[in-house]
Amino acid sequence: QVQLVESGGGLVQAGGSLRLSCAASGRTFSSYAMGWFRQAPGKEREFVASIRWSGRNTYYADSVKGRFTISRDNAKNTVYLQMNSLKPEDTAVYYCAASAGNYYYTLEVNWDYWGQGTQVTVSS
């Protein structure tokens, strides 16, 4: 069982930056792939980024590639999402997820555990 708690969301102007954190409970954190998803109002939840259990491989949605960076610290049971050059269309609730499978899964069904989400609002 893995419990996930996101933090770091907030209101930021377009072009600004935010760093999201996701703290995980459980001694097996380092064996899970970790990912970030987001859900904008009126839209389905979508994949944003993911990272292999070792941290050596990452995968990004085209919409955030070059602006967002996912990283993890297995000693702290924490995964991060650094978001730069934010745009109004990045406004969404951001969710952290953990998967016992491969890190490059982009469908929700392949992710086993979810956090409650943190709101990110980007003003124009």
Quiz item: If you measure from CG on L81 to CE on M34, what distance do you get to the nearest 0.5 Å?
Solution: 11.5 Å

Which side-chain N or O atoms in residues 53-63 pair as donor and acceptor under 3.5 Å with protein atoms at least two apart or in another chain?
| unit_1 | atom_1 | unit_2 | atom_2 | d |
| --- | --- | --- | --- | --- |
| S54 | OG | R56 | N | 3.3 |
| Y60 | OH | I70 | N | 2.9 |
| D62 | OD1 | K65 | NZ | 3.1 |

Quiz prompt | Positive for side chain to side chain contact (heavy atoms under 4.5 Å, CB included) with V12, one of L18, T91, T121 | solution = L18

Practice problem: Please test K87 against R67 for side chain to side chain contact (heavy atoms under 4.5 Å, CB included), starting from the C-alpha separation and ending with a verdict. | Solution: CA-CA 10 Å; K87 304 175 181 180; R67 300 187 298 122; 3.8 Å; yes

Quiz item: Under the side chain to side chain contact (heavy atoms under 4.5 Å, CB included) criterion, do V64 and R38 qualify, and how do the steps go?
Solution: CA-CA 12 Å; V64 306; R38 67 186 181 186; 4.0 Å; yes

Exercise. Output, in order, the C-alpha distance, side-chain angles, deciding distance and verdict of side chain to side chain contact (heavy atoms under 4.5 Å, CB included) for D90 and M83.
Key: CA-CA 9 Å; D90 294 318; M83 305 185 294; over 6 Å; no

Practice problem: Heavy atoms only: give me the nearest S17-N84 pair and the separation to one decimal. | Solution: OG-OD1, 2.9 Å

Quiz prompt | Side-chain touch V120/V122, heavy atoms, less than 4.5 angstrom | solution = yes

Quiz item: Do the side chain of R72 and the main chain of R52 share a donor and acceptor less than 3.5 angstrom apart?
Solution: yes

Exercise. Group every Ile, Leu, Val, Met, Phe, Trp and Tyr by side-chain heavy-atom contacts under 4.5 Å, then state whether F29 and Y95 land in the same group.
Key: no

Quiz item: Is there a donor-acceptor pair under 3.5 Å between the side chain of S50 and the backbone N or O of Y103?
Solution: yes

Quiz prompt | Distance, nearest 0.5 Å, that separates OH of Y32 from CG of N77 | solution = 11.5 Å

Quiz item: Do side-chain atoms of T106 reach the backbone of F47 as a donor and acceptor pair under 3.5 angstrom?
Solution: no

Quiz item: Hey, what's the ring geometry for Y94 with F68, parallel, tilted or perpendicular (30° and 60° as the breaks)?
Solution: tilted

Quiz item: L4, Y105: one ILVMFWY side-chain cluster at the under-4.5 Å cut-off?
Solution: no

Self-check item: Closest contact, heavy atoms only, D112 versus G101
Solution: OD2-N, 4.5 Å

Practice problem: Treat each ILVMFWY residue as a node, draw an edge where side-chain heavy atoms are under 4.5 Å apart, and state whether V48 and V93 are in one component. | Solution: no

Quiz item: Looking only at atom types and distance, does a side-chain atom of Q13 sit under 3.5 Å from a main-chain N or O of S123, one as donor and one as acceptor?
Solution: no

Quiz item: With a 4.5 Å limit on heavy-atom distance, are the side chains of Y80 and D73 in contact?
Solution: yes

Exercise. Compare all side-chain heavy atoms of W36 with those of C96 and state whether any distance is below 4.5 angstrom.
Key: yes

Exercise. Verify whether the ring centers belonging to W111 and F37 lie closer than 6.0 Å.
Key: yes

Quiz prompt | Check: E6 side chain, Q116 main-chain N or O, donor-acceptor pair, under 3.5 Å | solution = yes

Practice problem: For atom CD of Q3, decide whether the heavy atoms of other residues, nucleotides or ligands shown that lie under 6.0 angstrom number more than 12. | Solution: no

Quiz item: Do other residues, nucleotides or ligands put more than 12 heavy atoms under 6.0 Å from the CD atom of Q39?
Solution: yes

